[in-house]
Structures are given as structure tokens and as C-alpha cells.
Amino acid sequence: MIETLTPPRRWDPVVKITHWSIALAVLANALVTEEGSGPHIWVGYGLAAILALRLLWGLIGPAEARFSAFWPSPRKAIAHICEIREGKVTHHRSHNPLGALMVFAIWGSLLTIIATGIAMAGPPPWNGADQPGKYGAPVTSAASAEGFAQRTLHDEDEHHEKGEKGEKGEEGPLEEIHETAANLLYVLILLHLAGVVFETRRSGKQVMVAMLPFKR
Ligand code: HEM
Ligand code: HEM
């Protein structure tokens, strides 16, 4: 096996913290929170803030965290596949060219999920999908039957505008895109984990160690 020597990969605390918080938020919204509920939307906005920090870091962070260090390139990705086939290991200070494609694919699906999620949820307060005051107006008084009827009618109009569930429960476009992007994300995460295991076995445990919290 041919190896080229470069200093071992290291990630700064912002990359590590944003990575593990994004992973946690995705798992929470995929497995724990109820779809469209208040907690789902809160976690979603948290996820949006963390991703925004990581993307800003891609512009102003240290060299290996910057987009310029791992800008996706199909040509480099193909060259990387050829290296794998030849048993050649090149160490990269940042994501390797295949990893870079994966990172941008994960970010792309996260941005789609966030954009459609925010478009459906709107501004706070969020009461959750199954409550009469869905996402918007808080429902504090049961006294106003008239207000409730008006709000329900208004909500239905709003759902059609925003592309949420219609009267018959069919999915609107935003909801469909949100769900499809979430399903795509799950597939990408499985491929990401397979890639991490593969790359760790191929070029050493530093690949994994570098992303662990409290390790340098
Ligand atoms: C990666 C994180 C996320 C995952 C895995 C996820 C997953 C899902 C899934 C599977 C649904 C059900 C879709 C359907 O009924 O067909 C859903 C619904 C919803 N999500 Fe997310 N979501 C995420 C992030 C977000 C974010 C960032 C927001 C907004 C800030 C959000 C807001 C909503 C809303 C409002 C609904 C309810 C749609 C409705 O029934 O009208 N989600 N989410
Ligand atoms: C929901 C789960 C996950 C998501 C959405 C996710 C997403 C990502 C993203 C976006 C990056 C790029 C980091 C950056 O440059 O900011 C990354 C890198 C990485 N992730 Fe994950 N990840 C997840 C789970 C995991 C898990 C469970 C592990 C450990 C087994 C892991 C190990 C790594 C490693 C080692 C890297 C660095 C790869 C490299 O050196 O090129 N990830 N992940």
C-alpha cells in the first residue's frame, strides 16, 4: 500500500460541536419528537441555528474547516475512487473528495428540510400540528367558540397557501418535500456512517478520533 504523509486530521471545537449537535437534533426529530409538534419545531429552529453557525465557519473558520478546503469536485472524487482501487492512501487535512460530496449532500438536504419546515411552521409561538391553534395563535380560551370557528377556517386557508395538509388529509407540496428530504437524509446518514467505517479501516483511526469531543 502506498501512503503519502501529511499531518494528522484535526477538527476545531466549532466543527466538532456543530457536528454532534446536528446529529443529535436530527435523531431527536427523526425518532423522538412528534412530527409537526411544538418540540419538533423548536428542535428544528435549533438545528437551523447550528447549521448556520457551521456554514459561517466555512467562510471564516480555520483552513481545514473552510469550504475552499473541500469544495466538491466530481473530477477529484473520481481520482479518489481510482486511488482506493489502487490501494493508495492519500491523507487529507480536510474531508476527502468523496467525503466532501457527502457533506454537501447532507447540508443540502438539511437546508431543504429546514426551509420547508420553517415555511410550514411560521413564526412563534408554536403549539404543535394537532392543536386548533396550529403553529400560530395560542389557544388559551375555550370561551370563544366563534373565534375558534374563525381560526379553524383561517387555518385551512393558510394550509392551502402554505402547502400543508388539505381538508381530506392529503399532503401539500411543502410537507411532501419535507418528508422526502428527511427520507433522503436518512439514506445519506447510513452511507455517511458506512463511509466513516470504511475510511477509518483504510486510513487509520485518526479519521474517527479527530471528530471525537475532548480529543486533540
Ligand atoms: C432533520 C430534521 C427533521 C426531520 C427528520 C423532520 C421530519 C419530519 C417528518 C417525517 C414529518 C412528517 C411529514 C408528513 O407528515 O408527511 C415532519 C413534519 C413537520 N416538520 Fe419536520 N423534520 C425535521 C426538521 C424540521 C424543521 C427544521 C422544522 C421547522 C423549523 C420542521 C417542522 C415541521 C412541521 C411544521 C411539520 C408538520 C407538517 C404538517 O403535518 O403540516 N421540521 N417533519
Ligand atoms: C444524524 C447523524 C449524523 C449526521 C447528520 C452527520 C453529518 C456529518 C457532517 C455534515 C459532517 C461534516 C462535518 C463538518 O465539516 O462540519 C460529518 C463528518 C463526520 N462525521 Fe458525521 N454525522 C452524523 C453521525 C455521525 C456518527 C454517529 C459518527 C460516528 C460514528 C460520525 C462521524 C463523523 C466523522 C468521523 C466525520 C469526519 C469525516 C472526515 O474526516 O471527513 N457522524 N458528519
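Computed from a prediction, not measured in an experiment: that's the story for all the values here. Whatever order the structure lists ligands and atoms in, that order sets their numbers, starting from 1.
Checked against a 6.0 Å centroid threshold, the rings of His95 and Trp71 do not count as neighbours.
Remark: minimum distance from atom 10 (C) of ligand 2 to any protein heavy atom is reached at Trp107 NE1, 3.6 Å. The shortest contact between atom 38 (C) of ligand 2 and any protein heavy atom is with His95 ND1, 4.0 Å. Atom 14 (C) of ligand 2 has Arg54 NE, 3.4 Å as its closest protein atom, hydrogens excluded (heavy atom only).
Here the NE2 atom belonging to His19 is positioned 7.5 Å from the CD1 atom belonging to Ile106, to the nearest 0.5 angstrom. Atom CG of residue Asn29 and atom CD of residue Glu34 lie 11.5 Å apart, to the nearest 0.5 angstrom. The line from CG of Leu47 to OG of Ser21 is 9.5 Å long, rounded to the nearest 0.5 Å. The CG atom of Leu190 sits 10.5 Å away from atom NE2 of His192, with the distance rounded to the nearest 0.5 Å. Atoms CG and OG1, from Leu51 and Thr18 in turn, are 8.5 Å apart once rounded to the nearest 0.5 Å. Interatomic distance, NZ of Lys16 versus CE of Met211, reported as 8.5 Å (0.5 Å rounding).
Considering backbone and side-chain N/O atoms, Glu175 comes within less than 3.5 Å of an N/O atom of ligand 1. For a threshold of 3.5 Å applied to N or O pairs, the pair formed by Ser94 and ligand 2 contains no separation below that value.
Heavy atoms of Thr18 come nearer than 4.0 angstrom to ligand 2 in no pair at all.
Across every non-hydrogen atom of Ala30 and Tyr186, the tightest pair is CB-OH, 3.5 Å. Residue Ser37 comes nearest to Thr33 through the heavy atom pair OG-CB, 4.3 Å, listed as atom of the first residue, atom of the second, then distance.
At a heavy-atom distance under 4.0 Å, only side-chain atoms of Tyr186, from C-beta outward, approach ligand 1. Heavy atoms of Trp20 found under 4.0 angstrom from ligand 2 belong exclusively to the side chain. Contacts between Val43 and ligand 1 below 4.0 angstrom, taking non-hydrogen atoms only, are absent altogether. Residue contacts with ligand 1 for Glu176 are absent, since no atom lies close enough (heavy atoms, distance under 4.0 Å).
Within the listing of ligand 1, atoms 18 (C), 19 (C), 34 (C), 36 (C), 37 (C) sit less than 4.0 angstrom from a heavy atom of Gly36. Atoms of ligand 2 lying under 4.0 Å from at least one heavy atom of Val103, given by number and element, are 12 (C).
Within the set His178, Glu34, Glu179, Met120, the minimum heavy-atom distance to atom 31 (C) of ligand 1 is found for His178. With Lys16, Arg10, Met208 as candidates, the residue nearest to atom 29 (C) of ligand 2 on a non-hydrogen basis is Met208.
For atom 21 (Fe) of ligand 2, the count of nearby protein N/O/S atoms, taking only those under 2.8 Å, is 2.
Below 30°, between 30° and 60°, or above 60°: for Trp107 and Phe67 the angle between ring planes is above 60°, a perpendicular geometry.
His40 contributes NE2 as its N, O or S atom closest to atom 21 (Fe) of ligand 1.
Met102 and Trp20 fall within the same hydrophobic cluster, defined by Ile, Leu, Val, Met, Phe, Trp and Tyr side-chain heavy atoms under 4.5 Å apart, directly or through other members.
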